[in-house]
Amino acid sequence: MTAPVRGRRQPAADSGPSAPVTGSGAGERIPRRAARAVDRAGAGAAAGRPRTRRGPAAALTALLVAALVLLVLLSAGTGAYTIPVADILASLAHRTGAGSAPLDRVAESVLWNVRLPRVVLAVLVGASLGCGGALMQGVFGNPLAEPGVIGISSGAAVGAVVAITLGLTFLGTWTVTACAFLAGLATVLLVYVLSRSGGRTEVVTLILTGIAVNAFAAALIGLGIFFADNAQLTQITFWQLGSLAQATWPKVLAVLPCALAGLLFAPLYSRRLDLLALGERSARHLGVDVERLRLTLILLVALLTAAAVAAAGVITFVGLLVPHLLRMVAGPGHRFLVPGSALGGAVVLVGADLAARTVAGPAELPLGVLTALVGSPFFFWLLRRTRRRQGGWA
């Protein structure tokens, strides 16, 4: 029988107060100092990379804000009827009660009834798609993820095609938009329910379920196109290619609540996304309810993307490229990446819409086609770069 060893008790690794841990490690206690250290280091430290670099992040934020302001003014003044920047600023000052005189009747009508609704809608849609892409990449832990992976865009497209083909008008001009929004949300919930097993969802199962639902949605869209007449076919094609040509202030107000809700709540989950990048098990030991976090973020992404797609049609690659470009410059920390992606998405879409209106003038290129033409080559480069860094996929 071994006698107990007497003497000085060894000091604990951390004598500070400890924090309870939920999840699979319930009952264990992790030192708060360690948790704070991991939180500060974030996902980049775990991967051997620096966390968000504050200098580049601050400079990049200032650059994005300046670019957005410049593009907004340029887009508001460019078109068949040119409005100088000085006149735009004078009209804004007059409308806000800061002085100056109004423009002539034609210029005021073009600026406030045609240009500014389109520019504001481009900002909201671009910010929603960029932020949704950053959240999706954080949830899946993969820089190649984007909102369309879980069927949001295809589901919204099904809702719009059904409304157009069946000639539904129960909400007047809002019928197609409302059907697209509701169908997008319903598709995400369907994907989540089908991929859930034993009270949990696995990322691989979620992605594969999304692929299957996307294929089924594509079949439904093809069926709707088959039964549509010529006028309906034109409307479906125009909607699927993506455009902001039908932007109005009522449409902006319809998108605004969903976009603002998603954009305001998304940054609150930055810390937990950094911890999730350490791995599910590590995140659970550090107090993150992974399942609840995943469900919450998927619903946020669905809210942002469904609203954007319902207002502007299917626009691809913004949610994929913007977060990855910012991650390459400023690091992987989500404290900057989530709001920065919203800002970058707004810059990209305002610039893309300006190019769509002017490159082939007086004709207008479909916005979704333009973003795909620019985004596809970059995606191929990104794919090869990721594969080369990992030494192959096997």
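Below, all heavy atoms of this structure are taken into account, side chains as well, without hydrogens, waters or symmetry copies. Remember, it's a predicted structure, so these values are computed and weren't measured experimentally.
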Within-4.5 Å side-chain heavy-atom neighbours: [X] and [Y]:
X	Y	answer
M136	T305	no
L297	L273	yes
L286	L278	yes
L276	V288	no

List, one per line, each side-chain donor-acceptor pair under 3.5 Å for residues 208-228, sequence neighbours excluded.
{"residue": "T209", "atom": "OG1", "partner": "T205", "partner atom": "O", "Å": "2.7"}
{"residue": "N214", "atom": "OD1", "partner": "S154", "partner atom": "OG", "Å": "2.4"}
{"residue": "N214", "atom": "ND2", "partner": "G148", "partner atom": "O", "Å": "3.1"}
{"residue": "N214", "atom": "ND2", "partner": "G210", "partner atom": "O", "Å": "3.1"}

F181 and L303: side-chain contact (heavy atoms from CB on, under 4.5 Å), yes or no, with the steps?
CA-CA 8 Å; F181 179 74; L303 186 68; 3.9 Å; yes

Check for me, please, whether [X] and [Y] land in the same ILVMFWY cluster - side-chain distances under 4.5 Å, paths through other members count.
X	Y	value
V158	L194	no
I315	V369	no
L343	V123	yes
I88	V110	yes
V125	W174	no

State the [atom1]-[atom2] distance between [X] and [Y], to the nearest 0.5 angstrom.
X	Y	atom1	atom2	result
E280	H285	CD	NE2	12.0 Å
C179	L166	SG	CG	9.0 Å
L263	C258	CG	SG	10.5 Å
F336	L326	CZ	CG	5.0 Å
L103	I83	CG	CD1	7.0 Å
L293	Y269	CG	OH	7.5 Å

Quick check: does any side chain N or O of [X] sit under 3.5 Å from a backbone N or O of [Y], one acting as donor and the other as acceptor?
X	Y	value
Q232	D229	yes
S270	H334	yes
S109	R105	no
D353	L367	no

So which atom in [X] and which in [Y] form the shortest heavy-atom distance, rounded to 0.1 Å?
X	Y	result
V329	P56	O-CB, 3.9 Å
A352	L370	O-CD2, 3.3 Å
L135	A266	CD1-CB, 3.9 Å
L171	A178	CD1-CB, 3.6 Å
L304	G262	CD2-CA, 3.7 Å
L206	S195	CD1-OG, 2.9 Å

Residues 248-257 side chain polar contacts: donor-acceptor under 3.5 Å, at least two apart:
{"residue": "T248", "atom": "OG1", "partner": "K251", "partner atom": "N", "Å": "3.4"}
{"residue": "W249", "atom": "NE1", "partner": "W112", "partner atom": "O", "Å": "2.6"}

Listed partners of V374 passing side-chain contact (heavy atoms from CB on, under 4.5 Å), at least two apart
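Partners of V374 by the side-chain contact (heavy atoms from CB on, under 4.5 Å) criterion come out as none, since no residue qualifies.
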
Residue set satisfying side-chain contact (heavy atoms from CB on, under 4.5 Å) with D104, at least two apart, ordered chain then number -> Y81, V106, A107

Side-chain donor-acceptor distances from residues 316-324 under 3.5 Å, at least two apart:
none

CZ of R95: more than 12 outside heavy atoms within 6.0 angstrom?
yes

In this structure, are over 12 heavy atoms from other groups packed under 6.0 Å from F380 atom CZ?
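Atom CZ in F380 is not packed in, count stays at 12 or less.
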
Determine, step by step, whether I164 and T175 satisfy the side-chain contact (heavy atoms from CB on, under 4.5 Å) criterion, reporting the C-alpha distance in whole Å, the side-chain angles of both residues, the deciding distance to 0.1 Å, and the verdict.
CA-CA 9 Å; I164 294 171; T175 304; over 6 Å; no

Solution key, residues 72-79 side-chain donor-acceptor pairs under 3.5 Å, sequence neighbours excluded:
{"residue": "S75", "atom": "OG", "partner": "R357", "partner atom": "NH2", "Å": "2.9"}
{"residue": "T78", "atom": "OG1", "partner": "L74", "partner atom": "O", "Å": "2.6"}

Please report the C-alpha distance between L299 and F265 in whole Å, then the side-chain angles of each, then the deciding distance to 0.1 Å, and finally whether the side-chain contact (heavy atoms from CB on, under 4.5 Å) criterion is met.
CA-CA 11 Å; L299 290 177; F265 279 104; over 6 Å; no

Give the intermediate values and the outcome of side-chain contact (heavy atoms from CB on, under 4.5 Å) for residues L275 and S282.
CA-CA 8 Å; L275 295 178; S282 299; over 6 Å; no

